[in-house]
Q: 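Can you keep this structure in mind? I'll have questions shortly.
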Amino acid sequence: MGTGEPNKKPGFILVISGPSGCGKSTICRNLLEDERVDFSVSVTTRKPREGELDGREYLFVDEDRFREYVDSGAFLEWKEVHGNCYGTLKEPVENALAEGRIYLVEIDVQGGEALKLIRVPGVFIFVAPPDLDTLRRRLVDRGTDTPEVIEQRMRKATWEMDHADLYDHIVVNQDLNIAIAEVRRLAGLAEKADV
Ligand code: 5GP
């Protein structure tokens with residue numbers, strides 16, 4: 001730029017939502033390879049799954065601690081999802097915005113709606129499966145859920161798809177590489193190779 005000023009674009013949150021099994025976690029992992037992107041580590045009362053680390057995927061806390069966060073106003077939003085509580089901390093979002101970073105928030109649709117309502121500067125992307133049959137097949141092939149949980153996820157997916165128009169953009173994940181490229185473009189991350 002040559003002005004002596006740091007080339008700082010305004011920061012924003014990049015909200016990615018979509019039904020379980022739509023590929024949003026894979027897309028998020030890809031986005032995080034970009035050094036301009038930080039991951040929002042939510043606080044949750046759910047127990048860690050195998051391979052998850054406290055402070056990396058989530059901050060894992062008990063219900064009392066979660067309540068303390070709620071009472072002290074530490075959350076930008078929080079919700080109960082599948083019987084566990086999840087919350088997005090305010091302070092790291094504020095820091096990321098002040099530093100001109102892209103703050104990636106992988107969150108359910110209720111959380112996305114809450115963030116949209118409080119008007120944090122953001123790009124809101126809903127990742128959709130090509131159709132519900134494909135989603136069911138992906139969940140079955142993933143092999144991590146019982147048939148009951150799959151049915152629960154499918155019911156939630158139908159509800160989420162009905163709320164997709166809350167988002168700024170809907171990206172249909174038919175082909176993962178195309179979906180990743182599309183999300184990167186929408187997030188303003190695609191131009192890097194040309195700089
Ligand atoms: P999981 O337990 O499978 O990691 O996440 C369950 C759901 O909670 C997912 O849809 C995930 O995106 C959502 N989630 C994760 N963090 C937050 C959060 O901070 N707030 C809200 N509202 N949902 C979250």
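Note that ligands are numbered from 1 as they come in the structure, with each ligand's atoms numbered from 1 the same way.
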Q: Answer yes or no: is there a donor N or O on one side and an acceptor on the other, between the side chain of Gln152 and the main chain of Glu148, under 3.5 Å?
A: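 No; judged by distance alone, with no hydrogens or angles, the pair does not exist.
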
Q: Just to be sure I'm reading this right: ignoring hydrogens, which of Asp108, Val41, Leu89, Thr144 gets closest to atom 11 (C) of ligand 1? Compare them by their nearest heavy atoms.
A: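 Selected option, by shortest heavy-atom distance: Asp108.
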
Q: Against heavy atoms of Ile107, which atoms of ligand 1 measure under 4.0 Å?
A: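 Selected atoms, number and element: 12 (O), 17 (C), 18 (C), 20 (N), 21 (C), 22 (N), 23 (N), 24 (C).
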
Q: Could you tell me the residue and atom name of the protein heavy atom closest to atom 14 (N) of ligand 1, and the distance to it rounded to 0.1 Å?
A: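 For this ligand atom, the closest protein heavy atom is Tyr86 CD2, 3.9 Å.
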
Q: Considering the heavy atoms of Glu106, write down every atom of ligand 1 situated less than 4.0 Å from one of them.
A: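 Numbered from 1, ligand 1 contributes 12 (O), 15 (C), 16 (N).
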
Q: Can you tell me if Arg185 uses its side chain to pair, donor with acceptor, with the backbone of Ala190 under 3.5 Å?
A: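 Side chain of Arg185 to backbone of Ala190, a donor-acceptor pair under 3.5 Å: no, none is there.
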
Q: Relative to ligand 1, is Gln110 under 4.0 angstrom through side chain, backbone, both or neither, heavy atoms considered?
A: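 The answer is neither.
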
Q: Out of Ser42, Ser20, Pro19, whose heavy atom sits nearest atom 18 (C) of ligand 1?
A: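 The nearest heavy atom belongs to Ser42.
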
Q: Is there any N or O on Gly87 that sits under 3.5 Å from an N or O of ligand 1?
A: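 Right, the criterion is met.
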
Q: Please could you name the atoms of ligand 1 that Lys79 approaches to less than 4.0 Å, counting only its heavy atoms?
A: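 Those atoms are 22 (N).
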
Q: Does the distance from a Lys or Arg side-chain N to an Asp or Glu carboxylate O, for Lys79 and Glu113, drop under 4.0 Å?
A: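 Salt bridge absent between Lys79 and Glu113.
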
Q: Assess the side chains of Thr88 and Glu77: does a donor N or O sit below 3.5 Å from an acceptor N or O?
A: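 Yes, Glu77 and Thr88 have a side-chain donor paired with an acceptor closer than 3.5 Å.
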
Q: Below a 4.0 angstrom heavy-atom separation, can you tell me which part of Arg49, side chain or backbone, both or neither, approaches ligand 1?
A: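 For Arg49, the contact with ligand 1 is made by the side chain alone.
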
Q: Got the closest protein heavy atom to atom 7 (C) of ligand 1, with its distance?
A: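 Going atom by atom, the protein heavy atom closest to atom 7 (C) of ligand 1 ends up being Val81 CG1, 3.7 Å.
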
Q: Quick one: does Asp54's side chain have a donor or acceptor within less than 3.5 Å of a partner on Phe60's backbone?
A: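 Side chain of Asp54 to backbone of Phe60: a pair is present.
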
Q: Does Cys22 offer a backbone N or O that forms a donor-acceptor pair with the side chain of Asn173 under 3.5 Å?
A: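 Yes; judged by distance alone, with no hydrogens or angles, the pair exists.
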
Q: Below 4.0 angstrom from a heavy atom of Gly111, which ligand 1 atoms are there? Numbered from 1 as shown, please.
A: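 Under 4.0 Å from Gly111, ligand 1 has these atoms: 22 (N).
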
Q: My understanding is that only residues two or more places apart in sequence, or in another chain, count here; which of them pass salt bridge (charged side-chain N to carboxylate O under 4.0 Å, His left out) with Lys116?
A: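 Expected list: Asp168.
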
Q: Output the list of atoms in ligand 1 that are nearer than 4.0 Å to some heavy atom of Thr88, sorted by atom number.
A: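 Counting from 1, the qualifying ligand atoms are 18 (C), 19 (O), 20 (N).
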
Q: For ligand 1 and Lys24, I'd like to know whether there is a polar contact (N/O to N/O, distance under 3.5 Å).
A: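 No, there is no polar N/O contact under 3.5 Å.
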
Q: Between the side chains of Glu160 and Ser17, is a donor N or O closer than 3.5 angstrom to an acceptor N or O?
A: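 No, Ser17 and Glu160 have no side-chain donor paired with an acceptor closer than 3.5 Å.
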
Q: Could you grab the distance from atom CG of Asn95 to atom CZ of Arg101, nearest 0.5 Å is fine?
A: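 Here the interatomic distance stands at 11.5 Å.
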
Q: Look only at interatomic distance and state if Tyr58 has a nitrogen or oxygen under 3.5 Å from any nitrogen or oxygen of ligand 1.
A: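 Min N/O separation from ligand 1 is below 3.5 Å for Tyr58.
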
Q: Given the side-chain rings of Tyr69 and Trp78, with only the six-membered ring counted for Trp, is the space between their centroids under 6.0 Å?
A: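 No, too far apart.
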
Q: Distance under 4.0 Å to a non-hydrogen atom of Arg46: what atoms of ligand 1 satisfy this?
A: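 Close to Arg46: 1 (P), 2 (O), 4 (O).
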
